[in-house]
Structures are given as structure tokens and as C-alpha cells.
Amino acid sequence: MSQKTPRNFFKPLAIGAPDPMRELPVRLERMIHFVPPHLDKVRAKVPQMADQADVVLANLEDAIPSDAKDAARAGAIEMAGMVDWQAKGTGFWSRVNPLNSPWFQDDVSELVLKAGHQLDVIMLPKVEGPWDIHFADQFVAQLEAKAGLKRPILFHAILETAQGMALVEDIALASPRMQGISLGPADLAADRKMKTTRVGGGHPFYRVIDDPNEDGSPRANAQQDPWHYTIARMVDACRMAGINAFYGPFGDISDLDACEQQFRNAFLLGCAGTWSLHPNQIAIAKKVFSPDPNEVKFARRILEAMPDGTGVAMLDGKMQDDATWKQAKVISDLADLVAAKDPDLAAAYSA
Ligand SMILES: CC(C)(COP(=O)(O)OP(=O)(O)OC[C@H]1O[C@@H](n2cnc3c(N)ncnc32)[C@H](O)[C@@H]1OP(=O)(O)O)[C@@H](O)C(=O)NCCC(=O)NCCSC(=O)C[C@H](O)C(=O)O
Ligand SMILES: [Mg+2]
């Protein structure tokens with residue numbers, strides 16, 4: 001047998017560690033806002049970021065120079081104490097360095113021992129398979145016991161290698177700590193040997209062209225989405241495991257339109273949120289990952305037309321049945337979650 005028995009799956013992995021969660025907490029996580037914690041100027045903006053973003057993440061991995069790794073770790077621990085995260089209802093996460101790096105052990109042990117009470121989620125980059133999650137799971141359980149934590153810290157994996165992609169279902173199911181998975185399009189592109197130099201988004205050369213026109217006139221062609229398969233597969237793996245899928249980074253900070261479109265495609269395919277790398281991406285994520293008020297109104301009309309979720313109804317010429325009722329419930333439940341945090345959208349949803 002290569003898997004734990006059902007009874008053992010939910011046992012703590014260290015004596016004194018908190019019980020693993022059987023259900024994920026229901027939280028609004030439309031954007032995970034990345035902060036480089038070694039920069040005093042940006043770290044000073046953390047309380048402001050905590051007011052605006054659903055999740056604030058102290059990034060210790062890529063984008064942090066190797067000679068600033070210690071400073072970033074110290075900055076992350078300082079960030080933990082800068083806001084009363086739980087009272088504010090904003091998530092506090094950290095992305096640690098990869099398991100094979102010289103920094104992983106110090107990142108995780110210092111975060112859990114010094115900031116474990118505040119830390120909701122550890123983001124694990126470059127996860128290759130379930131064995132990476134198992135190793136981190138055991139290590140964190142030992143540290144949780146030592147720190148006397150009562151609430152388990154969750155894990156979020158980044159899909160950024162071909163092997164991780166091939167094993168995404170096993171990664172999603174590896175531990176009750178798994179909260180979600182994000183796409184890491186830049187590392188994944190490199191590992192797959194895609195011929196790009198971008199962080200997410202489309203590419204002007206990745207297109208489909210119409211068949212030739214009989215009159216020889218120019219053929220229409222359009223850019224396609226190179227991430228469609230990856231995102232759809234990640235969403236299936238996550239939802240199968242009862243966890244959430246997230247888009248990831250959009251690196252062209254100046255192209256707000258393309259960022260919005262990439263986020264929207266991910267939202268429609270089932271993602272719960274995305275990353276924001278710059279303050280101007282927070283508003284885009286908020287707009288895209290909050291359901292449109294007209295969609296919410298229509299969804300609620302479906303729920304009202306079929307109070308017990310069965311049967312068939314016609315609304316504006318469109319057939320509704322149990323399956324559209326379930327889709328409507330997804331949108332209505334998300335609207336309730338958003339409304340609890342955002343008074344403007346609450347008013348728009350109830351108008
Ligand atoms: C990308 C940045 C380096 C850009 O920073 P900057 O040049 O300072 O931009 P601006 O001048 O436009 O900034 C305007 C003000 O906003 C502040 N700022 C900038 N970024 C942030 C932030 N993330 N949080 C809070 N505040 C921020 C600036 O300080 C300016 O303030 P002021 O001067 O007072 O007006 C920068 O945005 C940045 O470092 N972002 C994070 C980058 C990052 O985390 N990258 C790694 C994640 S993506 C990745 O790892 C790839 C993935 O793994 C994969 O494989 O795909
Ligand atoms: Mg990466």
C-alpha cells in the first residue's frame with residue numbers, strides 16, 4: 001500500500017502538533033499580494049496593503065537577491081507583527097525558498113517558530129511531487145509542536161515544473177494541509193523549454209490562422225492562450241481534492257488590459273484568485289475575481305425559480321435545471337463572501 005489509511009490521514013504528524021483541518025476555512029482569496037520584505041520602503045506599506053488585499057504574502061524566494069535572503073526572512077517575521085491579521089480578516093502567507101535550496105530549512109523553522117501564530121499559509125515553490133509535500137508536512141508538524149501552535153499552518157504549492165504538472169493530482173491530494181495550487185508560468189515555461197521570455201500571459205506568435213480565402217484576401221488570425229490546458233488541468237486537480245486553484249503572476253505590470261484578460265480567463269475556468277505583484281494589480285484582481293452584479297442577479301433568479309434545486313424552469317428563454325442551479329449557487333455563495341468584506345459590492349449585489 002502506497003497511501004496512508006483514511007484514519008491515519010488526519011492524524012497529527014508530530015506529538016503535540018495541532019490536528020490537521022478536515023475542512024478548509026472559507027476565506028476570500030481573490031489576490032495574494034506579493035511583498036519583497038527586505039525593502040524597508042515597501043515593508044512600511046504592509047498595513048496599507050493589508051487594508052486593500054485579501055492576502056498579503058512575504059516573498060522569500062525568486063526576486064529576492066541571494067545576499068538579501070536573511071534580511072527578507074527577518075522582514076517577513078516583522079511583517080507578521082505589523083497587522084492583527086486575524087482581526088482584520090486578511091490572510092498572512094509567506095513564499096519560502098525551494099526544498100533543495102540552502103535557505104528552506106531556516107525559512108520554515110524561523111517562520112513557524114517566530115511567526116507561526118500569525119502565519120496562515122506557507123507557499124512552497126517548484127513542487128515536483130507528493131514527496132515534497134510529505135517532507136515539508138512532517139517538518140512543519142515538528143515545528144508547530146515546538147512552537148505550541150493550536151492552529152495548523154496550511155500549504156500552497158506552485159506548479160512550475162513539467163514533473164509537478166504531470167503529478168498535479170498527487171500533489172493536490174498529498175496532505176490535509178493543502179490549501180491550493182498556483183500556476184508559476186515563468187518557471188514552468190523554462191522547464192518545459194517553451195520559447196518565451198515572459199511571466200504569464202499570451203504571446204504574439206502563438207496564434208491560429210483562418211483557412212485561405214478563395215479570393216486571396218488576407219486571412220484573419222488571432223492570438224491564443226498558451227495556458228489554457230495547464231490552468232484547466234490544475235483546476236480539475238484542485239477541485240477533485242477540495243482545494244482552490246489560483247492563476248499566478250502576470251509580469252507585465254504596465255499592461256493592465258492584458259493582465260485583466262488573463263485574470264478573467266482564469267476566473268471563468270474556476271480559479272479562486274491570482275497573485276498581485278504591484279499595487280495596481282490589486283484593483284484588477286478585485287474587479288475580476290468578484291462576480292459581476294448582473295451575473296449575481298441572474299444566478300439569484302435561478303435559485304429563486306428552483307427553491308429546492310430540482311426540476312426545470314425557463315428564464316429569459318434559457319432552460320434552467322439542477323446543473324445550472326449548482327452553477328448559480330457557486331456565483332451566489334461567492335457574492336455573499338465578497339459582500340461580507342466589501343460594502344460597495346454588497347450594495348451592488350442587493351440592488
Ligand atoms: C515589480 C516591482 C519591482 C516594481 O516596483 P517599482 O519599480 O518600485 O514600481 P513603481 O514605481 O510603479 O511603484 C509604485 C509604488 O508602489 C510601491 N510598490 C511597488 N511594488 C509594491 C508591492 N509589491 N507592494 C507594495 N508596494 C509596492 C513602490 O514602492 C512605489 O511606492 P512609492 O515610491 O511610495 O510611490 C515591484 O512591484 C515588486 O518588487 N513586486 C514584487 C515582485 C515579485 O514578488 N516577484 C516575484 C513573484 S513572480 C515569480 O516569482 C514568478 C513565478 O514564480 C513563476 O515562476 O512564474
Ligand atoms: Mg517561479
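Index from 1, following the sequence. As the structure lists them, so they are numbered: ligands from 1, and atoms in each ligand from 1.
The shortest N/O to N/O separation between L277 and ligand 1 falls below 3.5 Å. Considering backbone and side-chain atoms together, P249 places no N or O closer than 3.5 Å to any N or O of ligand 1.
Neither the backbone nor the side chain of K126 has any atom closer than 4.0 Å to an atom of ligand 1 (non-hydrogen atoms only). Within the 4.0 Å heavy-atom criterion, the part of V42 lying near ligand 1 is the side chain and not the backbone. When heavy-atom distances to ligand 1 are checked against a 4.0 Å cut-off, D187 comes that close through both its backbone and its side chain.
The shortest separation from a heavy atom of Q48 to ligand 1 is not under 4.0 Å, leaving the residue out of contact. The shortest separation from a heavy atom of P279 to ligand 1 is under 4.0 Å, placing the residue in contact. Residue contacts with ligand 1 do not include E61, since none of its heavy atoms lies under 4.0 Å from the ligand.
Residue contact check: K45 has heavy atoms under 4.0 Å from atoms 17 (C), 26 (N), 29 (O), 31 (O), 32 (P), 34 (O) of ligand 1. Near H33, the atoms of ligand 1 lying under 4.0 angstrom from a non-hydrogen atom of the residue are 22 (C), 23 (N), 24 (N), 25 (C). With ligand atoms numbered from 1 in the order given, ligand 1 contributes 43 (C), 45 (N), 46 (C) to contacts under 4.0 Å with heavy atoms of A63.
Below 30°, between 30° and 60°, or above 60°: for W85 and F92 the angle between ring planes is below 30°, a parallel geometry.
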Tabulate below the donor-acceptor pairs under 3.5 Å that side-chain atoms of residues 240-248 make, not counting sequence neighbours, or state none.
unit_1: N244; atom_1: OD1; unit_2: R239; atom_2: NH1; d: 3.3
unit_1: Y247; atom_1: OH; unit_2: G201; atom_2: N; d: 3.4
unit_1: Y247; atom_1: OH; unit_2: P249; atom_2: O; d: 3.1

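For the Mg ion (ligand 2), protein N/O/S neighbours under 2.8 Å (waters excluded) are E160 OE1, D187 OD2.
Side-chain atoms of Q86 and Q118 include no donor-acceptor pair closer than 3.5 Å. A side-chain donor-acceptor contact under 3.5 Å links S175 and D137. Using modelled atom types, one finds no donor on one side chain facing an acceptor on the other under 3.5 Å when comparing T274 with R30. Side chain to side chain, D257 and Q261 fail the donor-acceptor criterion of an N or O pair below 3.5 Å.
For Q223, the CD atom counts as densely surrounded, since its 6.0 Å shell holds more than 12 non-hydrogen atoms of other residues, nucleotides or ligands.
In summary, D54 and K286 do not engage in a salt bridge, as defined by a charged side-chain N under 4.0 Å from a carboxylate O.
Partners of D236 according to the side chain to side chain contact (heavy atoms under 4.5 Å, CB included) rule, which considers only residues two or more places apart in sequence or in another chain, do not exist here.
Here salt bridge (charged side-chain N to carboxylate O under 4.0 Å, His left out) pairs that include residues 182-206, with residues two or more places apart or in two chains, are K126-D187.
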